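Worksheet for the structure shown next.
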Amino acid sequence: MSDLLYSETEDDLRAAVRALLADRAGHQAVLARIETDSPYVPGLWKALAGDMGAAGLLVPEKLGGQGASHREAAVVLEELGRAVTPAPYLTSAVVATETLLALAGESVPAAELLAELASGRTVAVLAVPLPASPYAEPSTAPSVTGVADAGAADLLLVSRADGLYAVPAAEATVEPQTPLDLTRPLAKVTTEAGSGTRLAGPDEAAAAIRSGLLAGAGLLASEQLGLAEWCLEETVRHTRERHQFNRPVGSFQALKHRMAQLWLDVVGARAAARAAADALATGSPDAPLTVAVAQAYCSKVAVRAAEECVQLHGGIGMTWEHPAHLALKRAKSDQLALGSAGRHQDAIAALVDLPAPTAEVIGAR
Amino acid sequence: MTDTHRPTDAERLRALTRKLLTDHPPATTDRTDFLRARFDAGLAWVHYPVGLGGLAAPRALQAVVDTELAAAGAPDNDPRRIGIGLGMAAPTLLAYGSDEVKRRFLRPLWVGEEVWCQLFSEPGAGSDLAALGTRAVRARGGTSRSSEAESGGGWVVDGQKVWTSSAHVARWAILIARTDPDVPKHRGITYFVCDMTDPGVEVRPLRQITGEAEFNEVFLTGVRIPDAHRLGEVGDGWRVAQTTLMNERVSIGGARIPREGGMIGKAAATWRERPELRTHDLHRRLLDLWVDAEVARLTGERLRQQLVAGQPGPEGSAMKLGFARLNQAISGLEVELLGEEGLLYGEWEMRRPDLVDFTGRDAGYRYLRSKGNSIEGGTTEVLLNIVAERVLGLPSEPRNDKDVAWKDLSR
């Protein structure tokens, strides 16, 4: 059975990331930047990915990384979710890194790129739409819309009919789109046929991309967990302090029950997210199912937590200056990211043999 | 003295267990005799004191004994049937009983020779347990002071209790009763051990929604209890009851459950075996519940790992709430899935089950019985308040019964 607890090392890592984010990228810092050309807080990526080594957690030491695992990367994502930090961590340090890791045994360029990514000097993103799921073949069209963090990327991993290519951002056209979640910017990416370096053939590429998206979906659950925890804690804090009808509003049973219910959901999300991180870390054959369960559960919990956070904050929850909307926008966008809950449920149906009904002709004439 | 003795403890327990098995071979020893011998060897609950079924060993080492005994095919003491005695009466007796009381009650309780029940809930005091109205007054044992002293200053109890499982087979009961109506409700309660064979005890089956009579109503009329069977101080019964109730909730969530181990397994099996029953709506809802059940399983596993690691978390509070909701949703779906069959019910004849098998019988039974999961052992509403106040630290509900004498409360 998987280890669902946090190790001391993981607790230390969490404390370090939380301190860094509180110091450099608190909600006010994020709010101040989200409508600028780049929402990323200057210097944060270097401190987090490079100085702290967070970008290389999934990369073995012999390939230039920290030789840690998905368990530690999950803890980083919990903290990035709590703070709704704009940082290309999920996209570069998880999805792109995991895609390259799947190729590193065969492909020299992939192995070399991994060292660059692990050091945090290079940000790479897989050029797929944010909702791309591990269960469908990626498009091989020259233009891809909805690519998350493309604007921050130095390198784009592009799927083409003849395989996977690493294309320098300077050789591609990256047109920003206006995203629902301003903290995870989206862009349309267009590359010229033949540009960049070929990393793998089509079959290998497809498997590597699936692996990248699966790890991304599994660890996204931890981002959703961190976000939900923050929403709950902040709502509890607010309702304890806010008085109406001569009582703290948090003393009203109707509100208490909603927060207690949310706590139950968060407890479940923590178990599910930990199980996914551990299954990925240990390479368990159960990983695809555990990831699908975590994603089907945690994406809903995060959205519910953010929606409750807005509602239970009352009017202030609707304002731009309160960070509740950052969490709501991220949670709703995360709900579609890397496979919707419905797609993950379909995967579960196949994995545990609970098939959909076969077609039945209703009202046939 | 130090942790280095711990492995020695485990070895010692293993050796004692093997000696028990050699002296009383399970194949040729009477079940009750074996259990008595196990109790006397201190291997019943190893964390209990020496002479009371234990060896004052670390609680975690019970597994060493249980594993050895299970491997040897030793009889167990059927903890489900005597669960109230083991889980609730015993810890309270241990904490508050006199030496004599502990010696008298713990061995037959553990062996299962004497079944216990719990006389707490009343028709007028369920979730608001401290509002109970069953009265206990000092017995007038005679005309003079000296004869009263001779009778030990006993008590006479009058009142009615409800939802009492096992009352019809119980020899003893733990009972809380009001001994002082003139003080606020939590302060005037006293805790007793009640003899269920007393002529003033009348047990009537309480038939439930399922048709079964799993519980009882218990009528107490002039029931006499010696003062030696009082646990804790007069008026301190609420605090004593907390020991009982804490142990009730601890007992949930200890075991490791396999995937599809609970009620979801039944629904999933029906889905796989009966393609003609499938609809898209049911498919979506089944998958929702399959995910919820798997997450509940993982939550239980995480709680178990926390307990093993010596870091108990508040997750235990989530388990009962989660399972109640889940069982109700799954059993409801199952009735729908079965369609025409779901409209039938096994049998309505009143039965008195010794054990409640929550996943047994048919889907209709499961649907109806699971309605109790959000009521028994604290309603979902009360438990959500507890989570909100004790886990999340939200302010408590304003109360209008705090400084009011019990007799002045409206009922």
Side-chain angles (χ1 to χ4, degrees), chain A residues 1-6 232-233 235-237 239-240 246-253 255-276 286 289-290 292-298 300-301 341-342 344-346 348-349 352-358 360, chain B residues 256 258-260 264 267-268 271-272 275-284 286-288 290-306 308-309 311 313-319 321-322 325 380-381 383-398:
Chain A
M1 186 68 201
S2 48
D3 174 4
L4 303 179
L5 305 182
Y6 297 101
L232 175 60
E233 280 169 29
T235 306
V236 167
R237 194 185 63 74
T239 57
R240 283 170 60 169
N246 202 31
R247 281 166 66 178
V249 297
S251 71
F252 288 96
Q253 195 173 65
L255 272 61
K256 287 161 84 168
H257 282 194
R258 284 167 66 167
M259 286 182 269
Q261 192 60 56
L262 196 52
W263 176 80
L264 300 180
D265 294 343
V266 170
V267 165
R270 191 176 299 117
R274 277 277 94 185
D286 217 20
L289 179 59
T290 314
V293 166
Q295 205 36 247
Y297 192 83
C298 296
K300 288 184 196 171
V301 172
H344 288 285
Q345 273 197 355
D346 289 344
I348 292 167
V352 303
D353 183 30
L354 292 172
T358 45
E360 185 179 350
Chain B
R256 192 170 247 178
R259 184 171 283 156
E260 292 192 7
I264 193 69
W271 185 269
R272 290 181 190 119
E276 77 280 8
L277 299 174
R278 297 171 191 163
T279 71
H280 288 286
D281 166 55
L282 290 170
H283 190 229
R284 200 40 72 193
L286 176 67
L287 289 171
D288 270 342
W290 196 94
V291 169
D292 287 350
E294 175 66 2
V295 172
R297 186 182 77 85
L298 292 168
T299 304
E301 176 60 21
R302 188 160 193 277
L303 173 67
R304 205 189 59 78
Q305 291 182 7
Q306 283 180 313
V308 170
Q311 4 168 307
E315 269 84 351
S317 313
M319 298 310 298
L321 287 162
R325 190 178 51 176
T380 289
E381 288 68 26
L383 295 183
L384 285 173
N385 276 357
I386 291 175
V387 166
E389 291 172 17
R390 302 200 195 150
V391 178
L392 297 178
L394 286 163
S396 56
E397 290 284 307

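Everything quoted here is computed from the prediction, not taken from an experiment.
- The backbone N or O of A/V267 sits nowhere less than 3.5 Å from a side-chain atom of B/E315 that would complete a donor-acceptor pair.
- Taking A/D353 as the reference, A/P355, B/R272 meet the side chain to side chain contact (heavy atoms under 4.5 Å, CB included) condition, with sequence neighbours excluded.
- Your options are B/D292, B/V291, B/L287, and the one with the most heavy-atom pairs under 4.5 Å with chain A is B/L287.
- Only the side chain of B/L286 comes within less than 4.5 Å of a heavy atom of chain A; its backbone N, CA, C and O stay farther away.
- Proximity of B/E389 to B/E397: side-chain heavy atoms (C-beta onward) are separated by under 4.5 Å at one or more points.
- Proximity to chain A (any heavy atom under 4.5 Å) is shown, for B/A296, by neither the backbone nor the side chain.
- The ring pair (Phe, Tyr, Trp, His ring centres under 6.0 Å) test applied to B/W290 returns no partner, not counting sequence neighbours.
- The part of A/A275 that comes within reach of chain B is its side chain, from C-beta onward, which places non-hydrogen atoms under 4.5 angstrom from that chain.
- Of the two parts of B/R284, the backbone and the side chain both hold a non-hydrogen atom closer than 4.5 Å to a non-hydrogen atom of chain A.
- The choice from A/A356, A/A272, A/G268 that makes the most heavy-atom pairs within less than 4.5 Å of chain B is A/A356.
- Top candidate by heavy-atom pairs under 4.5 Å with chain A, chosen from B/P275, B/G393, B/A309, is B/G393.
- When atom types are taken as modelled, the side chain of B/R278 and the backbone of B/W271 share a donor-acceptor pair closer than 3.5 angstrom.
- Both the backbone and the side chain of A/Q261 have a heavy atom closer than 4.5 Å to some heavy atom of chain B.
- Contacts of A/D3 with chain B are made by both backbone and side-chain atoms, with heavy-atom separations under 4.5 Å.
- Just one residue in the list B/Q305, B/R304, B/Q306 forms a side chain to side chain contact (heavy atoms under 4.5 Å, CB included) with B/V308, and that residue is B/R304.
- No other option in B/P398, B/A268, B/G322 has as many heavy-atom pairs under 4.5 Å with chain A as B/P398.
- Other residues, nucleotides and ligands contribute over 12 non-hydrogen atoms within 6.0 Å of the CZ atom of B/R259.
- For a residue to count as touching a neighbouring chain, one of its non-hydrogen atoms must lie under 4.5 Å from one of that chain's; by this rule A/R247 touches chain B with the side chain only.
- Of the two parts of B/Q311, only the side chain, counted from C-beta on, holds a non-hydrogen atom closer than 4.5 Å to a non-hydrogen atom of chain A.
- Proximity of A/I348 to A/L354: side-chain heavy atoms (C-beta onward) are nowhere separated by under 4.5 Å.
- For a residue to count as touching a neighbouring chain, one of its non-hydrogen atoms must lie under 4.5 Å from one of that chain's; by this rule A/L255 does not touch chain B.
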